[in-house]
Amino acid sequence: MPREPNHLELLVLLAIARLGETAYGVTIRQDIVACTRREVSMAAVYAAIERLDRQRFIQPWWSEPRAERGGRARRQYRLTADGLAWLRRERETTLRMWRSVPSTGRRR
Amino acid sequence: MNAPRLPRRLTGWIAPADLRQALFDDLDEAFVEERRRRGPAGASMWYWRQILAGLLPLIRLRARRALAGLTPRPRITIMHAVLADVRYAIRLLVKAPGFTLPAIVTLALGIGANTAIFTVAWRLILQPLPYPSPDRLVQIWELFETGTVNTVTPGNFHDWQTQAQSFEAIAAYTYFRGTVDLTGSGEPEQLELRYVTAEYTRVFASAPMLGRGLDGRDVAEDGRTVVISESLWRRRFAADPAVLGRTVRLGDLPYQIVGVMPASFQTSAGRVDVWAGMTIRRDPDAHRRAHYLGVVGRLKPGITVEQADDEVKRIAAEAARLYPASNAKLSATVRSLQEQRAATQRAGLAVLTGAAGFVLLIGCANLASLQFVRGVARARELGVRVALGASRLRLIRQLLTESLLLSLLGTGLGVIFGSWLLRAVGRVAPDAIRRAIEAGPDAAVAGVGVALAIVCTLLSATAPAWRATGGASTHLRQRSVSSDRATSRIRTMLVTAEIGLAIVLVIAASLLVLSLVKVLRVDPGFDPRGVLAFDVSLPSERYPGFSDRDRFFKAVFQELSAIPGVTAVCAINEIPFDAEGTMTYVPEGQTQTQAVGALPRNVTPDCFDVLKLRVIRGRSFRAHEAARVGIVTDNFARSAWPGENPIGLRVHLGTETGDLIEIVGVVEDSLQRSLDGRPAPQFYEVMSAVSAFPPSRVLLRTGIAPDSLAPAVRAAVRRVDPLQPVARLRTLDTVVGASVLGRRFDLLVLSSFAITALVLAAVGIYGLLGQVVAQRAGEIGIRLALGATGGSVVRLVMRSAWLSVACGAALGSAGAALASQVLRRFMFGVSPTEPRLYVAAVSVLAAVALVAAWLPARRAARVNPANALK
């Protein structure tokens with residue numbers, strides 16, 4: 001039984017969803033760092049990607065060969081239908097939970 | 001400026017190979033961006049942090065991968081992978097018929113031979129008897145000091161039944177063949193009858209199909225009830241369920257049918273149509289002298305055969321003390337029925353199973369050899385797959401899947417071939433084996449087929465698959481010569497082994513062929529050609545006395561003699577090769593210890609003319625003998641009165657006090673049991689009012705084919721007595737032939753295995769040289785271009801075969817010398833190490849090998865140098 005994605009995996013998945021066709025290691029990490037304002041290692045991103053891939057939430061694909069990478073292709077990622085469906089479910093669950101949280105909570 | 005090298009190397013060790021490059025490229029891209037934002041030093045710091053923080057996730061990733069490799073992946077299940085493998089394998093096998101067909105045929109031959117033999121062995125040896133708790137069923141025999149077992153006297157049976165504690169039930173039945181005529185509606189028919197005591201059904205605990213089994217009610221003197229067999233029920237009563245309570249006329253007396261026993265109730269001793277009850281009477285004369293009972297028992301739970309054996313031995317010892325006259329030299333023994341059934345067939349089947357195993361081994365060697373070649377041919381394909389990331393295990397799995405598929409195809413074909421083989425040999429098989437064959441294949445046989453397929457796969461494909469997938473990097477290069485050479489070395493060894501195994505089988509088969517030829521050449525003494533035999537029962541109800549029977553025979557002889565082509569007719573109590581009990585004869589003036597055991601033969605006077613037995617001393621029988629006279633065989637005379645002329649001497653029949661009979665002639669010895677046995681002494685006496693063995697068989701000699709007389713013979717007997725069935729009408733030739741059926745069967749099966757082995761070995765040699773030619777095509781082309789003749793090329797190629805043939809022949813001959821020791825008991829008039837045979841077998845194999853090697857060699861000689869060198 002595949003386990004539920006952890007927090008970082010959720011972030012990677014969201015980043016891929018946001019980035020669309022331009023999602024690859026560099027952009028995903030950048031996106032996460034920009035949004036969370038926390039440093040994340042590339043390797044951790046890769047590990048998350050690997051797990052999401054195994055769960056078939058994302059699908060890797062190879063870009064055209066690129067000059068800036070010494071003629072090698074980028075390993076890019078796109079969301080699969082499963083991944084998208086899981087993201088939607090996750091969002092609805094979270095929103096439902098938020099609805100009954102009292103709004104007196106401390107604000108930043 | 002580039003990213004720092006050191007941390008990169010650190011990551012390089014840990015990151016998995018497939019991700020490494022992409023990770024570095026991504027890091028480099030990000031590094032460029034960082035440098036723009038933070039300057040070189042900051043970027044360098046950033047890079048270090050990236051690497052160090054990444055170590056743990058990378059290690060975890062690798063650990064997860066390692067774990068995932070051990071457990072099934074979530075989506076690609078094993079089933080999916082296997083199905084994909086199977087699909088791929090089918091495509092490949094269809095694409096390479098040159099490999100697939102020989103492989104499947106090879107397997108079919110090997111597996112067919114094995115399932116066929118296993119079918120027989122399963123039925124006769126391994127399958128439990130068709131009764132509840134069959135392991136508790138035993139047979140109890142009298143046991144002589146010499147270790148031979150004997151049928152039982154009523155007295156001994158009574159002792160065991162009343163005293164033994166080991167048995168839940170113990171029952172006796174008439175051991176020797178008994179018949180009774182079924183008359184009334186339809187053609188009269190002679191039925192096989194067995195009298196049994198009340199406990200018989202209880203011993204076997206076999207439920208009747210209809211009605212009830214025999215019990216205490218049926219054994220009374222005047223109890224006229226019978227239980228019939230399933231086959232009689234179908235044959236004569238159209239499987240009518242209302243048969244119960246119906247009355248049938250058996251031997252002119254009315255009997256009521258009370259039950260029908262299922263087909264499985266038949267024992268291996270032969271067909272029984274009717275069971276009737278009997279009680280053991282205390283007949284003072286026969287009680288401890290007449291050995292005519294078979295005794296079976298059911299052990300109490302927890303009692304072993306050995307314990308029961310001890311107990312009956314104790315009872316027998318007590319009997320020996322109480323009745324020294326009859327029991328002094330008699331002990332008793334208990335044997336498991338299952339074991340007993342197996343024992344008679346085990347030796348022959350063991351040999352055939354061994355031979356079938358050889359065929360399978362040869363087949364596997366061939367298959368392995370084919371696989372090696374295929375491995376070389378597929379080196380490119382496998383290399384590409386390795387380059388694309390397939391693991392060695394993955395490739396081996398693929399190759400094994402292919403082999404398993406092949407094996408299963410081969411098994412399917414093999415089972416068909418095996419059942420065909422069985423049907424073919426079934427026609428000449430001895431009774432017990434034929435019954436086993438006719439029962440048809442069952443789940444056990446299919447299971448063994450599949451098991452064999454798996455064994456074949458493992459034997460023939462593991463090593464080639466291991467080799468073919470090793471050293472993947474070399475596969476993509478030009479075909480590596482050294483790996484080819486190693487492969488062909490292994491194949492040479494395989495072919496050598498095949499030749500050796502084939503030689504063993506060929507020699508074993510020819511030993512049996514030679515034995516059979518010698519046996520068939522044996523002159524039985526009498527002349528069975530042109531003799532027809534049949535049985536008549538002459539029930540005592542219609543033929544109470546000697547004169548009635550005499551009248552019947554005289555009338556029948558008159559009718560039979562009138563049939564054109566019939567030259568002589570006689571009646572006899574037992575025909576040759578159908579003989580059972582012997583009788584003792586005590587020469588006058590000697591004691592019981594000098595008694596001669598001989599087959600009693602009560603005949604009508606023309607008997608020696610019918611059998612063409614020469615009277616070598618004295619005279620033959622006259623039509624009317626004034627006194628009771630006998631004629632003995634030469635070996636009888638020699639053992640009773642060594643060096644004396646027996647004419648005019650007298651013998652007591654049975655015991656020292658028995659009737660005295662004068663010897664008037666000596667007839668030549670003749671075989672009476674089997675062609676490979678020794679002549680049994682015989683004592684001939686003319687049928688008379690006092691003779692103890694009334695004739696019930698008629699023999700007639702004709703100048704024409706005896707089979708064609710059957711309708712005329714039946715009509716002749718019907719004219720004399722319409723109620724008298726003509727039973728077991730057969731030629732004496734068939735009776736004699738039946739004695740070599742077992743030998744013929746073993747021979748036929750073993751020969752077919754030997755031929756199969758030869759063919760497989762030839763295919764092996766052919767394949768090996770074919771590969772040699774393919775490998776050396778370039779070299780051969782150069783030789784031809786430089787002026788080598790076709791002949792020298794043929795020699796060159798064939799040279800690579802001679803070593804395997806020579807080694808194989810030497811090993812095979814040695815193996816055959818060992819194997820022939822096992823065959824000793826099946827051989828007749830042949831030495832197991834007959835040198836001519838070995839030379840012949842090796843020559844045959846060499847000739848076959850020569851042809852198999854010559855075909856590819858010729859192809860090599862025709863290589864076009866221009867093509868080969870391209």
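Quick note on labels: first sequence line is chain A, next is B, and so on, each numbered from 1. Everything quoted here is computed from the prediction, not taken from an experiment.
Heavy atoms closer than 4.5 Å to chain A are found in both the backbone and the side chain of Asp25(B). Of the two parts of Arg66(A), neither the backbone nor the side chain holds a non-hydrogen atom closer than 4.5 Å to a non-hydrogen atom of chain B. Of the atoms belonging to Val45(A), not a single heavy atom falls under 4.5 Å from chain B.
Highest contact tally toward chain A, considering only Leu23(B), Asp28(B), Ile14(B), is held by Leu23(B) [criterion: heavy-atom pairs under 4.5 Å].
Residue Arg91(A) places its CZ atom among 12 or fewer non-hydrogen atoms of other residues, nucleotides or ligands, all under 6.0 Å distant. Few gaps surround CZ on Arg72(A); more than 12 heavy atoms of other groups in view lie less than 6.0 Å from it.
The two atoms that bring Ala47(A) and Pro57(B) nearest to each other are CB-O, 4.0 Å, heavy atoms only. The nearest pair of heavy atoms linking Val26(A) to Asp26(B) is CG2-O, 3.1 Å.
The side-chain heavy atoms of Leu19(B) and Arg75(A), taken from C-beta on, include a pair separated by under 4.5 Å.
Judged by distance alone, with hydrogens and angles left aside, the side-chain atoms of Tyr46(A) form a donor-acceptor pair with the main-chain N or O of Ala22(B) at under 3.5 Å.
A distance of 5.5 Å separates CD in Glu39(A) from CD in Gln50(B), rounded to the nearest 0.5 Å.
The side chain to side chain contact (heavy atoms under 4.5 Å, CB included) search around Arg91(B) returns Tyr88(B), not counting sequence neighbours. Listed by chain and number, the residues in a side-chain hydrogen bond (donor to acceptor under 3.5 Å, both in side chains) with Arg89(A) amount to none (sequence neighbours excluded).
The pair Glu34(B)-Arg29(A) counts as a salt bridge, with a side-chain nitrogen and a carboxylate oxygen less than 4.0 angstrom apart. With salt bridges taken as basic N to acidic carboxylate O contacts below 4.0 Å, none links Glu50(A) and Arg64(B).
Between Met42(A) and the choices Leu58(B), Leu27(B), Ile51(B), the side-chain contact (heavy atoms from CB on, under 4.5 Å) rule is met once, by Leu27(B).
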